[in-house]
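Worksheet: one structure, shown below.
Both ligands and their constituent atoms are indexed starting at 1 by order of listing.
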Amino acid sequence: MTIYQNLIAGEWVGSDATKNINPSNTNEVVGLYADGSTEDTKNAIAAAKAAFPAWSRSGIWERHVILKKAGDEIMARKDELGALLAREEGKTLPEAIGETIRASQIFEFFAGEALRLAGEVVPSVRPNIGVEITRDPLGVIGIITPWNFPIAIPAWKIAPALCYGNTVVFKPAELVPGCSWAIVDILHRAGLPKGVLNLVMGKGSVVGQAMLDSPDVTGITFTGSTGTGRRVAAASIEHNRKFQLEMGGKNPMVVLDDADLTVAVEAAANSGFFSTGQRCTASSRLIVTEGIHDRFVAALTEKLNTLVVDNAMKPGTHIGPVVDEKQLKTDTDYIEIGRKEGAKLAFGGELITRETPGFYLQPTLFTEATNQMRISREEIFGPVVSVIRVKDYDDALATANDTPFGLSAGIATTSLKHATHFKRNSEAGMVMVNLPTAGVDFHVPFGGRKGSSYGPREQGKYAAEFYTSVKTAYTLA
Ligand SMILES: NC(=O)C1=CN([C@@H]2O[C@H](COP(=O)(O)OP(=O)(O)OC[C@H]3O[C@@H](n4cnc5c(N)ncnc54)[C@H](OP(=O)(O)O)[C@@H]3O)[C@@H](O)[C@H]2O)C=CC1
Ligand SMILES: O=C(O)CCC(=O)C(=O)O
């Protein structure tokens, strides 16, 4: 089998490799991907540092053309790349193609942003002096991505990093290197100069750690677990480096008595269980007022009965497998914890077998959960959802906000008053009304509050805040 190699200083290198396994069919090896070392990472950082002066002064048309070419090629290959994504991560083929389209749109968006780079000229408070405010690129950006969005998250970090004139060392999650390799290959062929974008696949504890330890990495953007996020933060403070963290969520969806039941059930099923619940924006707490509680639980259970869990590539599958054995164990451990805590298992909870050997788990719904139970407080990151019964809207809002996290939050209601109040008073970075808490647009800010995020927002034009440093220049006229 061919080894998909790392890209360091414009050369494909590496002979040690790790198998990329399909979670829908563990007999299938998706490909062999290079296993980078500390030395490889140091070489990649040195290459990115050497390439920075020229790339930071490159023309905006050159950046536009390269990012646009990448966006166009990803779109032209959406079915093939979507299939690769579904095979390596396990989300269903339609979801995977949708994510691939999103990645293409992100490159197109930042191709446009490259042409819109601008500063400000303002008068000084002193006579005969001009003031210019501009944005400089940071330098070498370390990009560390998780496994759950194998093409969209790399796209929304790489595209702005390059657009604003930074060079990059990129380390994707070891579980899903395929889509990352493909987009780096596309950008390389699109004409990026040597060393501007370096790919080092391999273990977080080796490659990621070497990035954290390097004084030459001037910014790190990270999405993943809270534990690793804290390591990124500690190491970055040590090096006086800018960093941005997107971590977990325990996102609430409030369902009020006056909700449209169909809208509420569709939003809850999508948010809680699609993409196998493996989204940081998933709703894992359904906070339901008394008057609709029993009808909502009955309708949601009926909906769950219709969802097909199977091979991600099979037509008709609604929910693919869990990503790997480790995550499956986390999910089943939490199901056991929920049972012991006294929540009622209203649906699912069992492992299932399918034609192909994979990590299949039934969508799992607990009712009679409290907001203090571990299943309601800790991020599970699987298709496991708790329903928490509350008295009224005020109780629902207080319960929704009573969490260490604050990424996204939703409300299902037909009341303008409650929707408006919830948008204002939710302690989450993203609020959805009558919509799933997951599934966001690519051109507007993405990020949360409290334990979910740290640093400036990602995506849209707000991305400039992380990837650039503001400079104020004074000139005597
Ligand atoms: N907010 C989100 O979007 C996500 C949240 N999670 C949460 O995290 C839990 C565990 O997932 P997991 O994949 O283990 O998350 P991690 O935080 O371990 O992984 C995220 C990224 O960090 C890398 N990494 C791991 N250790 C280090 C290190 N010491 N230094 C630098 N980088 C490192 C990983 O590399 P590698 O994987 O190659 O070792 C991966 O690229 C999930 O159950 C879920 O709760 C997970 C994914 C996404
Ligand atoms: O919900 C989305 O569209 C994005 C979610 C996400 O970025 C994540 O789960 O890491």
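- The atoms of ligand 2 that sit less than 4.0 Å from any heavy atom of Arg279 are 9 (O).
- The shortest N or O to N or O distance between Val440 and ligand 2 is under 3.5 Å.
- Between Thr145 and ligand 1, an N or O atom pair is found at a separation short of 3.5 Å.
- When heavy-atom distances to ligand 1 are checked against a 4.0 Å cut-off, Gln327 comes that close only through its side chain, counted from C-beta outward.
- The aromatic rings of Trp12 and Trp181 lie tilted to each other, with the angle between the two planes from 30° to 60°.
- Annotation for ligand 1: atoms under 4.0 Å from non-hydrogen atoms of Phe222 are 17 (O), 20 (C), 21 (C), 22 (O).
- Interface atoms of ligand 1 facing Leu212, defined by a heavy-atom separation under 4.0 Å, are 30 (N).
- The closest side-chain donor-acceptor pair between Gln209 and Asp213 falls under 3.5 angstrom.
- The nearest protein atom to atom 47 (C) of ligand 1, hydrogens excluded, is given as Pro146 CB, 3.4 Å; this is a heavy-atom distance.
- Among all protein heavy atoms, the one lying closest to atom 1 (O) of ligand 2 is Thr281 OG1, 2.5 Å.
- The existence of a salt bridge linking Lys329 and Glu325 is excluded, since no basic side-chain nitrogen approaches an acidic carboxylate oxygen closer than 4.0 Å.
- When Thr226, Thr228, Val323 are checked for heavy-atom proximity to atom 18 (O) of ligand 1, Thr228 turns out nearest.
- Aromatic ring centres of Trp55 and Tyr164: separated by at least 6.0 Å.
- Other residues, nucleotides and ligands place more than 12 heavy atoms under 6.0 Å from the CZ atom of Arg339.
- Closest protein heavy atom to atom 24 (N) of ligand 1: Gly204 CA, 3.5 Å.
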Check the pair Phe243, Phe222 against ring-ring contact (aromatic ring centres under 6.0 Å, His included), reporting the backbone distance first and the verdict last.
CA-CA 8 Å; Phe243 61 98; Phe222 167 84; over 10 Å; no
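- Remark: Glu378 does not engage Lys250 in a salt bridge, criterion side-chain N to carboxylate O under 4.0 Å.
- With respect to the salt-bridge test (charged N to carboxylate O, under 4.0 angstrom), the residues Glu174 and Lys203 qualify.
- Distance check on atom 14 (O) of ligand 1: some protein heavy atom falls below the 4.0 Å cut-off.
- Within ligand 1, the atoms closer than 4.0 Å to a non-hydrogen atom of Cys280 are 1 (N), 2 (C), 3 (O), numbered from 1 in the order shown.
- Distances between N or O atoms of Trp147 and those of ligand 1 include at least one value under 3.5 Å.
- For atom 35 (O) of ligand 1, the nearest non-hydrogen atom from the set Arg231, Glu246, Lys171, Gln209 comes from Lys171.
- Contact check on Glu465 versus Arg457 returns no salt bridge, with no Lys/Arg side-chain nitrogen under 4.0 Å from an Asp/Glu carboxylate oxygen.
- Here the heavy atom of the protein found nearest to atom 2 (C) of ligand 2 is Gly439 N, 3.4 Å.
- For atom 1 (N) of ligand 1, the closest heavy atom belonging to the protein is Met247 O, 2.6 Å.
- Under a 4.0 Å criterion applied to the non-hydrogen atoms of Gly202, ligand 1 contributes the atoms 38 (O).
- When side chains are defined from C-beta on, Ser453 does not count as touching Gln244, because their heavy atoms never get closer than 4.5 Å.
- Among Ser225, Gly208, Pro172, the residue whose heavy atom lies closest to atom 17 (O) of ligand 1 is Ser225.
- For ligand 2, the polar-atom distance check against Thr223 finds no nitrogen or oxygen pair separated by under 3.5 Å.
- Remark: Arg377 CZ is packed, more than 12 non-hydrogen atoms of other residues, nucleotides or ligands lying under 6.0 Å away.
- In this structure the side chain of Leu397 reaches within 4.5 angstrom of the side chain of Asn425, judged on heavy atoms.
- Protein heavy atom in closest approach to atom 44 (C) of ligand 1: Phe381 CG, 3.4 Å.
- Evaluated by nearest non-hydrogen atom to atom 8 (C) of ligand 2, the leading choice among Cys280, Ala438, Gly447 is Cys280.
- Taking a 6.0 Å sphere around OH of Tyr467, one finds it holds more than 12 heavy atoms contributed by other residues, nucleotides or ligands.
- At the top of the distance list for atom 7 (C) of ligand 1, counting protein heavy atoms only, stands Glu379 OE1, 3.6 Å.
- Listed by number with element, the atoms of ligand 2 under 4.0 Å from a non-hydrogen atom of Ile153 are 10 (O).
- Counting non-hydrogen atoms of other residues, nucleotides and ligands closer than 6.0 Å to CD of Glu336 gives a total above 12.
- Residue-to-ligand polar distances place Arg102 within reach of ligand 2: an N/O pair is separated by less than 3.5 Å.
- Which parts of ligand 1 touch Glu174 is read off a 4.0 Å heavy-atom cut-off, strictly below it: atoms 36 (P), 37 (O), 38 (O).
- Of the protein's heavy atoms, Ile144 CG2, 3.7 Å lies nearest to atom 23 (C) of ligand 1.
- Counting atoms of ligand 1 from 1 in the listed order, those under 4.0 Å from a heavy atom of Thr223 are 2 (C), 3 (O), 20 (C).
- Residue Lys326 has at least one heavy-atom neighbour below 4.0 Å for each of these atoms of ligand 1: 14 (O).
- Counted within 6.0 Å of NZ on Lys450, heavy atoms from surrounding residues, nucleotides or ligands total more than 12; the atom is thus considered enclosed.
- Proximity of Thr437 to ligand 2 is not established, as no heavy-atom distance is less than 4.0 Å.
- With ligand atoms numbered from 1 in the order given, ligand 2 contributes 4 (C), 5 (C), 6 (C), 8 (C), 9 (O), 10 (O) to contacts under 4.0 Å with heavy atoms of Phe149.
- A salt bridge between Lys91 and Glu99 is present, with a side-chain N of the basic residue lying under 4.0 Å from a carboxylate O of the acidic one.
- Between the side chains of Thr100 and Lys78, no donor-acceptor pair of N or O atoms lies under 3.5 Å.
- Between Glu108 and Lys68 a salt bridge is recorded (basic side-chain N to carboxylate O distance below 4.0 Å).
- Residue Trp156 places a heavy atom under 4.0 Å from ligand 2.
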